[in-house]
Amino acid sequence: MATQETTMDKIVSLAKRRGFVFQSSEIYGGLTSAWDYGPMGVELKNRIQRFWWREMTQLHDNIVGLDAAIMMHPRVWEASGHVENFHDPMVDCKHCKSRFRADHIDLNEACPTCGTKGEFTEPREFNLMFKTHMGPIPSDDSIVYLRPETAQGIYVNYKNVVQTSRVKIPFGIAQVGKAFRNEIVTKNFIFRTCEFEQMEMQYFVKPGDDEETFNYWKEKRMAYYDKLGIRMEKLHFHQHGPGELAHYAKDAYDIEYEFPFGWKELEGIHNRTDFDLNRHSEYSRKDLTYLDEESKERFVPYIIETSAGLTRSLLMVLCDAYDEEEVAEGDIRTVLHFHPQIAPITVGVFPLVKKDGLSELAKKIELELREDYTTYYDQSGAIGRRYRRQDEIGTPYCITIDYQTKEDKTVTLRYRDSMEQIRIPISEISATIKKAMKEYKRVGVAASS
Ligand code: ATP
């Protein structure tokens, strides 16, 4: 049972304390809006990415992967519309100089920072792309951009993929990678940053099949979060109204999560029509039509996009997993209820005491488990404290080796969520954990917020 409200301060503090996320260049006072992922954070991020990748590629016959370069030909961003359209209207408070996205605040109301009423500058356009130069002499011809989304790398490679991997429409191309946006308003920890990672899958379909496919992916993407163990009451769809639709989109839904700071976008599902391929065809003067071998029809495919933030997903997973539970009167434990498949450490292994050969035996068991799981060996401090340390980083299973182990070759297996402890033979540890991971259902958080 949660005893206190989940707040961002607690999550940020835990993330720092336990090595999930550090401020970039902290010893120099930090760089606004840039963050580094520590030993636990990088494991968690890699696992979320792998979970997504498996779901989107391995579990489908017709989705292949790609890893395109961050820097692309500058014409790509003219064709995509980013040079012309990719900007947020910004306003400054005349009094305290705080800057806001004009579409995020009501310009007749008080400044969210200083409270001064209605004293904002006129909205100004601000291009979000980072620009740099490639080559020794900076000139207009040497401009390159850091990609503001991974999607365009997929579109410009679509023909290469069709010609080399024998995929047939309908098919998808998945990619995970860094993207950069010169966001002026960055807040809420890693929610909105200038450097972030996206997990995108672009699905190419025959025009006319787009609406059905769009609905399919909309449902499929929501089901993915259920599989990831996220509380479904914290997720909903938000359909873009006519004023919100991007210039290329025919229909768009966001999947929103209820963060401690409100309902916010986690992922976008867009029907991008044939806009992207038509534009690239026009700007590159290359034929990007698709020939259906069977019907001999030639057409420009429509694209259904699913675009999720990886770093934003990590924040969502942290918020969703975080809980403080009163496990006995006055005894509160902080726990992260990660799905076992994404927990940075899967199994903690502890000898009850260091002496009498128990640590050697525990180490031996740990080395065997390492073949199948990410393990963590800990022999310092009281056993209860060792469990709590693992609870705080979300380790779903702990094994304790004690004197009885020497006699009958059994160990204690402790479950993170229920804190239940069972006795099992050493020979069954690996299989028991495998089964528990497969059948995992989160418990112990019913009353949490
Ligand atoms: P927002 O309205 O929050 O700026 P967006 O609609 O511009 O987002 P998309 O261009 O659809 O976002 O990008 C797809 C996904 O990439 C988003 O759902 C989000 O998870 C992630 N994302 C976008 N911008 C950022 C950012 N600055 N920092 C972290 N993640 C981001």
Side-chain angles (χ1 to χ4, degrees), residues 21 24 31-37 41 45 48-49 52 56 77 80-82 85-90 100-105 126-130 145-155 174-202 214 217-218 221-222 224-225 228 230 235-241 243-249 251-259 261-272 275-276 303-320:
V21 183
S24 160
L31 179 69
T32 316
S33 134
W35 301 89
D36 299 339
Y37 292 83
K45 186 152 70 66
I48 297 171
Q49 175 179 336
W52 181 91
M56 300 305 276
W77 306 110
S80 69
H82 283 85
N85 293 315
F86 196 53
H87 42 63
D88 285 337
M90 306 300 301
F100 305 98
R101 261 170 67 169
D103 57 338
H104 279 183
I105 60 166
F126 184 88
N127 196 297
L128 294 177
M129 281 199 294
F130 281 99
Y145 299 97
L146 299 185
R147 67 179 176 201
E149 61 177 30
T150 55
Q152 301 301 325
I154 296 180
Y155 305 148
Q175 175 168 229
V176 179
K178 293 236 175 188
F180 302 82
R181 295 182 189 177
N182 201 355
E183 305 268 13
I184 288 299
V185 182
T186 53
K187 58 178 181 183
N188 295 327
F189 195 33
I190 54 172
F191 176 80
R192 183 183 303 287
T193 49
C194 291
E195 175 177 347
F196 58 100
E197 284 173 74
Q198 291 186 311
M199 306 184 286
E200 297 198 310
M201 194 283 295
Q202 312 288 331
F214 181 80
W217 280 110
K218 197 180 134 225
R221 290 305 303 150
M222 191 58 110
Y224 155 91
Y225 290 105
L228 191 60
I230 306 305
L235 291 162
H236 69 200
F237 284 115
H238 162 78
Q239 186 175 18
H240 287 206
E244 282 173 283
L245 271 184
H247 58 280
Y248 51 75
D251 198 2
Y253 279 83
D254 292 339
I255 295 180
E256 294 188 335
Y257 180 80
E258 191 179 16
F259 287 92
F261 43 89
W263 286 96
K264 300 279 177 206
E265 173 178 342
L266 186 61
E267 161 159 3
I269 299 143
H270 309 127
N271 181 343
R272 301 182 65 126
F275 172 84
D276 304 281
I303 294 173
I304 308 300
E305 164 179 75
T306 74
S307 175
L310 171 55
T311 41
R312 195 175 283 186
S313 288
L314 188 145
L315 176 62
M316 181 276 289
V317 161
L318 273 179
C319 293
D320 202 65

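Atoms within each ligand, like the ligands themselves, are counted from 1 in listed order.
Atom 30 (N) of ligand 1 has its closest protein heavy atom at Phe196 CD1, 3.4 Å. Nearest non-hydrogen protein atom to atom 29 (C) of ligand 1 is Phe191 O, 3.2 Å. Nearest to atom 15 (C) of ligand 1 among the protein's heavy atoms is Ser307 O, 3.7 Å.
Two residues are said to be in side-chain contact when any heavy atoms from C-beta on lie closer than 4.5 Å; Ser307 and Glu267 fail this criterion. With a 4.5 Å cut-off on side-chain heavy atoms, Leu235 and Met222 count as touching.
Against a heavy-atom cut-off of under 4.0 Å, Glu183 is close to the following atoms of ligand 1: 24 (N), 26 (C), 27 (N). Counting atoms of ligand 1 from 1 in the listed order, those under 4.0 Å from a heavy atom of Glu267 are 18 (O).
Judged by the 6.0 Å and 45° rule, Arg272 forms no cation-pi pair with Phe275.
In the model, Thr311 has no side-chain atom that pairs as donor or acceptor with a side-chain atom of Glu197 under 3.5 Å. A side-chain donor-acceptor contact under 3.5 Å links Asp251 and Gln239.
One N or O on the side chain of Gln198 and one on the backbone of Thr150 form a donor-acceptor pair closer than 3.5 Å. Without hydrogens or angle criteria, Arg312 side chain to Phe191 main chain gives a donor-acceptor distance under 3.5 Å. Checked by atom type and distance alone, the side chain of Ser33 pairs as donor or acceptor with a backbone atom of Cys194 at under 3.5 Å.
Using a 4.0 Å cut-off between heavy atoms, His270 contacts ligand 1 through its side chain alone, with no backbone atom that close. In Leu266, the part holding a heavy atom less than 4.0 Å from any atom of ligand 1 is the backbone.
Below 3.5 Å of separation, one finds no N or O of Glu200 facing any N or O of ligand 1. The distance criterion of under 3.5 Å between nitrogen or oxygen atoms is met by Gln198 with respect to ligand 1. Taking only nitrogen or oxygen atoms, main chain and side chain alike, Thr193 reaches within less than 3.5 Å of ligand 1. The shortest N or O to N or O distance between Gly309 and ligand 1 is below 3.5 Å.
Of all the listed residues (His240, Arg181, Glu265, Arg192), Glu265 holds the heavy atom that lies closest to atom 17 (C) of ligand 1.
For Arg101, the closest heavy-atom approach to ligand 1 falls below 4.0 Å.
Nearest heavy atom pair, residue Trp263 against residue Glu256, reads CZ3-O, 3.6 Å.
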